[in-house]
There are 2 protein chains.
Amino acid sequence: MTNELPDELSFKRPKGEQLGEYLEEFGASLRPGTMLPSERALAERYGVARMTVRQELERLESKGLIYRVQGKGTFVAEPKFTQTQELTSFSEDMRARGMVPGSEVLSTEVAEAHEIVARELGLGVGDAIVRIERIRTADGEPMAYERAHLPAARFPGLESESLANASLYEILQSKWGVRFAQALQRVSVVTLNDEEAARLHVSVGRSAFLFERTTHATDGTAVEYVRSLYRGDRYQVATQLTRSP
Amino acid sequence: MTNELPDELSFKRPKGEQLGEYLEEFGASLRPGTMLPSERALAERYGVARMTVRQELERLESKGLIYRVQGKGTFVAEPKFTQTQELTSFSEDMRARGMVPGSEVLSTEVAEAHEIVARELGLGVGDAIVRIERIRTADGEPMAYERAHLPAARFPGLESESLANASLYEILQSKWGVRFAQALQRVSVVTLNDEEAARLHVSVGRSAFLFERTTHATDGTAVEYVRSLYRGDRYQVATQLTRSP
DNA sequence: GTGCTACGGTGGTCTAGACCACTGCGAAAG
DNA sequence: CTTTCGCAGTGGTCTAGACCACCGTAGCAC
């Protein structure tokens with residue numbers, strides 16, 4: 001199953017992006033610890049500047065797919081579990097874990113923003129927001145209970161979109177041209193109460209992750225504030241940490 | 001309290017590193033949303049290439065301190081809570097949160113590596129390891145229960161070091177010249193049993209974070225495998241997520 | 001007024017080099 | 001045989017540009 005690295009880059013797409021994809025696939029087909037071609041070798045092979053190669057290797061390193069040692073080389077890292085610090089939708093996340101994502105919409109309504117939501121979205125208290133309440137499932141089983149809040153003014157008609165088994169991110173992107181850029185996510189641990197436990201099909205008193213995420217688009221504006229409870233017995237996150245000088 | 005940006009860079013240290021520190025302090029003194037000088041302006045001011053400025057801005061962006069919008073500029077981000085994806089020791093972490101770190105060493109011993117530890121550290125099963133069991137405190141209160149495993153062959157005499165209120169990272173760095181580079185951290189949620197709850201001074205059945213971390217040095221070798229239980233009622237992590245193209 | 005366009009300023013991508021810091025290893029010196 | 005040193009190859013930092021994509025706005029045409 002040893003992949004081969006293609007020899008050429010096509011036009012019309014950033015060279016680094018293509019190179020990164022090639023390397024990602026190639027690296028995945030190698031045993032951990034294997035040394036990759038040197039930066040200079042890759043640069044020459046693809047007719048690209050070394051800085052371009054390096055930028056892409058940095059991206060892969062921060063994703064935990066490779067590691068670099070000065071004086072020695074660049075190597076394939078141990079296979080990751082699942083990636084945080086990559087901003088993904090629930091659907092993308094579950095597919096990456098090899099499961100089939102689904103949703104059960106509990107409610108979709110327009111409401112007034114209270115203090116926390118207003119602050120996170122950069123709105124005024126009382127401004128209209130769309131609140132979407134869903135149970136997110138993986139392979140048909142409840143995985144998370146999620147409440148998303150979005151500015152109603154920016155997404156008129158969102159409350160009547162069909163979210164049954166659709167990805168909210170895909171809808172926002174195709175209907176409103178939103179491109180997601182970055183998010184701040186806070187993670188805490190909670191013990192589930194009766195209602196929450198019932199929704200997630202687990203027993204009362206079990207532990208769960210509480211994720212609070214505010215997502216920003218490429219223009220810097222806040223697009224959504226989401227509060228999600230993830231089953232602690234089914235979910236785990238992995239983070240790649242790096243040491244700064 | 002508006003900081004001023006210094007005008008010059010000293011020799012003998014990477015320019016980018018200094019520039020990054022300047023910008024970090026400067027940004028911290030500004031209101032969120034304030035626009036920073038453009039990349040070209042910074043490059044000219046410090047007599048440095050624009051690529052050097054960009055590299056440093058990328059680092060600050062991934063730390064969640066700034067955000068950039070194409071066509072508009074670079075802006076100061078909302079203040080962060082606390083930073084993950086920055087590889088820090090417990091001591092550094094607590095100091096960054098404004099608390100005083102401490103330790104209570106429960107045991108320090110040389111033992112044989114069992115399967116999991118051996119795999120994580122790249123050793124053989126039965127190889128000698130140093131196991132350090134500590135209660136980590138913040139402002140005198142128990143915050144985490146931690147078990148660290150390190151290869152004994154690499155750190156002879158480590159088991160008799162005084163770890164009472166010292167940072168393990170600082171000892172490894174000063175005595176053995178270890179420079180930490182990167183780590184993979186897995187986070188799960190657990191419910192505390194009797195023994196664990198007692199050690200953390202909380203009641204049985206409460207939720208906690210379980211961190212499993214394998215730390216690598218700059219030469220790529222695994223240096224420690226740590227298993228830590230953090231009180232869920234006192235601890236929270238924040239992560240900066242970015243969207244890849 | 002309303003709409004369109006051109007333009008200057010921003011970050012995003014990329015080039016073709018340079019020198020430095022570190023590693024591993026083989027050759028020379030002891 | 002052991003030690004030392006130099007060298008080739010690696011990643012790390014940095015330069016001085018180039019062009020592209022995108023945003024806001026001022027000015028023009030209607």
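In what follows, chains carry the letters A, B, and so on, assigned in the order in which the sequence lines appear, proteins first and then strands, with residues in each chain numbered from 1.
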For [X], what residues pass the salt bridge (charged side-chain N to carboxylate O under 4.0 Å, His left out) criterion, not counting sequence neighbours?
| X | value |
| --- | --- |
| B:Asp127 | none |
| A:Glu56 | A:Arg59 |
| B:Glu39 | B:Arg50, B:Arg54, B:Arg68 |

For A:His216, which residues count as a ring pair (Phe, Tyr, Trp, His ring centres under 6.0 Å) partner, sequence neighbours excluded?
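Once residues adjacent in sequence are excluded, A:His216 has no partner under the ring pair (Phe, Tyr, Trp, His ring centres under 6.0 Å) criterion.
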
Ring pair (Phe, Tyr, Trp, His ring centres under 6.0 Å) contacts in which one or both residues fall within residues 50-69 of chain A, not counting sequence neighbours:
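Checked against ring pair (Phe, Tyr, Trp, His ring centres under 6.0 Å) - neighbours excluded - the pairs reaching residues 50-69 of chain A are A:Tyr67-A:Phe75.
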
Could you run through nucleotides 8-15 of chain D and give me one letter per nucleotide, 5' to 3': B if any protein heavy atom sits under 4.0 Å from the base, S if only the sugar-phosphate is that close, - if neither?
-BBBBBBB

Find the distance B:Tyr67:OH to C:dT10:P and express it as a whole number of Å.
16 Å

